[in-house]
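Everything below concerns the one structure shown next.
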Amino acid sequence: MADKKAILTVPGLDENIELPIYSGTVGPDVVDVRGLTSKGLFTYDPGFVSTAACESAITYIDGGKGVLLHRGYPIEQLAKHSHYLELCYLLLNGELPTPEEEEKFENTITHHTMVHEQLLQFYKGFRRDAHPMAILCGVVGALSAFYHDSLDINNPRDREVSAFRLIAKMPTMAAMCYKYSVGQPFIYPKNDLNYAENFLHMMFSTPCGDYQPNPVLSKAMDRIFMLHADHEQNASTSTVRLTGSTGANPFACIAAGIAALWGPSHGGANEAVLTMLDEIGEDSEENIQHFISRAKDKNDPFRLMGFGHRVYRNFDPRAKVMKETCDEVLKELGLENDPQLHIAKRLEEIALSDEYFIERQLYPNVDFYSGIILKAIGIPTNMFTVIFALSRTVGWISHWKEMVSGDNKIGRPRQLYTGHDVRDYPAK
Ligand code: CMC
């Protein structure tokens with residue numbers, strides 16, 4: 001399999017160690033270090049900066065060139081010509097659906113959108129002011145207590161049904177988090193609406209009146225779902241894989257992914273962008289410059305939220321598409337002159353021309369614009385990460401399926417131990 005080898009010389013070892021090198025379709029080669037354990041060595045890579053933890057055929061990112069491919073298709077083309085459910089099919093199955101396959105898939109998802117009525121009781125156990133991510137984490141984990149009939153991870157049909165259930169029910173469960181927090185009744189899904197329209201309907205309709213989905217806003221919602229659908233081995237996806245590697249059921253794995261996504265360095269950033277804009281407050285040049293200086297000050301923990309990315313060092317291709325959608329939504333809603341949005345645009349301008357950000361290759365990322373769009377649509381800030389989780393569920397479940405269907409080994413990292421050596425318990 002490997003026709004190239006790396007040679008490692010280790011002080012104290014008599015012979016060099018030969019490590020096979022593998023090439024993927026595109027992207028950096030990987031050095032197979034598995035043989036090191038037998039030589040009494042581990043590799044050391046905190047933060048997994050240089051570690052390929054698995055083989056995958058789902059998504060490819062070239063951070064230097066700003067490329068994002070799903071099953072080979074560039075995100076810009078998918079965003080322009082496809083829609084979220086088609087992308088879900090592609091991520092799960094590897095190929096675009098035929099028209100018949102697409103109709104069948106969409107029909108299946110549409111007919112799995114209701115949740116077990118008993119699940120409503122779970123929501124009622126939470127405080128009304130609970131963070132919706134806390135609720136989502138809990139209810140998604142609880143799904144495994146309701147859908148026993150699709151929990152055999154070794155059965156391909158069970159894996160498929162769990163994937164359908166998760167993709168179909170996430171918008172329902174996400175909207176229920178919101179309805180619960182504002183004290184309104186839960187709204188059931190409607191089968192004549194598409195995925196994005198249905199989500200907006202469940203968020204904003206009440207028993208007194210149906211929300212009429214605005215096509216520009218529904219399209220924007222669908223784009224947000226698409227642009228967050230998958231991002232290869234990020235922290236939450238790696239969490240889902242690690243959890244799944246133990247044989248845990250898919251609902252438990254996705255709940256683990258939701259927990260990992262919640263952090264402000266990951267999915268929580270879209271919420272943090274709006275919190276930052278609130279903190280900046282007044283739309284004045286002096287004020288904005290003050291926060292830019294704080295972001296550059298090494299002694300201040302403040303960071304410009306929505307800027308920078310571990311992998312993208314040129315630009316985030318999702319942010320480019322999101323910016324277009326952002327402009328469309330603001331125009332449709334007549335919000336071009338909103339003071340908070342003006343602050344956001346000014347921050348972007350300054351950051352793109354300031355040496356500090358240029359040198360460190362810090363560009364606006366997807367969450368910078370998605371937060372602005374979601375706010376304009378009327379979605380409360382604390383729901384932003386929930387929407388990220390809803391969108392990413394297909395990515396998580398596709399990676400889980402890929403891993404469980406293949407040659408799966410339990411994930412078990414090693415460590416560089418720096419604690420005490422063995423010592424005796426003191427005599428008493
Ligand atoms: N504002 C100010 N300085 C920053 C920022 C920022 N947003 N991001 C990075 N830096 C600086 C950082 O201080 C460091 O400077 P120096 O080299 O002088 O010490 C340098 O840039 C490199 O930063 P890093 O922390 O080593 O980079 P990383 O790859 O570990 O972190 C990141 C990536 C996304 C966590 C970070 O850029 C960040 O905290 N950004 C803000 C949060 C955010 O928007 N996250 C969403 C990411 S996109 C959604 C997703 O995929 O989850």
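In listed order, ligands and their atoms are each counted from 1.
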Test ring-ring contact (aromatic ring centres under 6.0 Å, His included) applied to F186 and Y178, F122, Y123, the passing residue: Y123

Identify, with sequence neighbours excluded, every residue that meets salt bridge (charged side-chain N to carboxylate O under 4.0 Å, His left out) alongside D158. none

Establish, from distance only, whether the side-chain atoms of N365 and Y312 form a donor-acceptor pair under 3.5 Å. no

Residues in ring pair (Phe, Tyr, Trp, His ring centres under 6.0 Å) contact with F302, at least two apart in sequence or another chain: F291

Can you list the residues that meet the salt bridge (charged side-chain N to carboxylate O under 4.0 Å, His left out) rule with R294, with sequence neighbours excluded? E279, D300

Would you mind listing each N/O atom of ligand 1 next to any protein N/O under 3.5 Å, plus the distance?
| unit_1 | atom_1 | unit_2 | atom_2 | d |
| --- | --- | --- | --- | --- |
| ligand 1 | 1 (N) | L304 | N | 3.1 |
| ligand 1 | 3 (N) | Y356 | OH | 2.9 |
| ligand 1 | 7 (N) | L304 | O | 2.7 |
| ligand 1 | 7 (N) | F307 | O | 3.0 |
| ligand 1 | 13 (O) | K298 | NZ | 3.1 |
| ligand 1 | 13 (O) | R303 | NH2 | 3.3 |
| ligand 1 | 15 (O) | K298 | NZ | 3.4 |
| ligand 1 | 15 (O) | R360 | NE | 3.2 |
| ligand 1 | 18 (O) | K298 | NZ | 3.3 |
| ligand 1 | 18 (O) | R360 | NE | 3.0 |
| ligand 1 | 18 (O) | R360 | NH2 | 3.0 |
| ligand 1 | 25 (O) | R303 | NH1 | 3.1 |
| ligand 1 | 25 (O) | R303 | NH2 | 2.9 |
| ligand 1 | 29 (O) | R310 | NE | 3.0 |
| ligand 1 | 29 (O) | R313 | NH2 | 3.2 |
| ligand 1 | 30 (O) | R310 | NH2 | 3.1 |
| ligand 1 | 39 (O) | R303 | NH1 | 2.9 |
| ligand 1 | 40 (N) | F307 | O | 2.9 |
| ligand 1 | 44 (O) | G306 | N | 2.9 |
| ligand 1 | 44 (O) | N365 | ND2 | 2.9 |
| ligand 1 | 45 (N) | S265 | O | 3.4 |
| ligand 1 | 51 (O) | H309 | NE2 | 3.4 |
| ligand 1 | 52 (O) | H266 | ND1 | 2.6 |

For the atom pair CG (L87) and CG (L92), what is the distance rounded to the nearest 0.5 Å? 9.5 Å

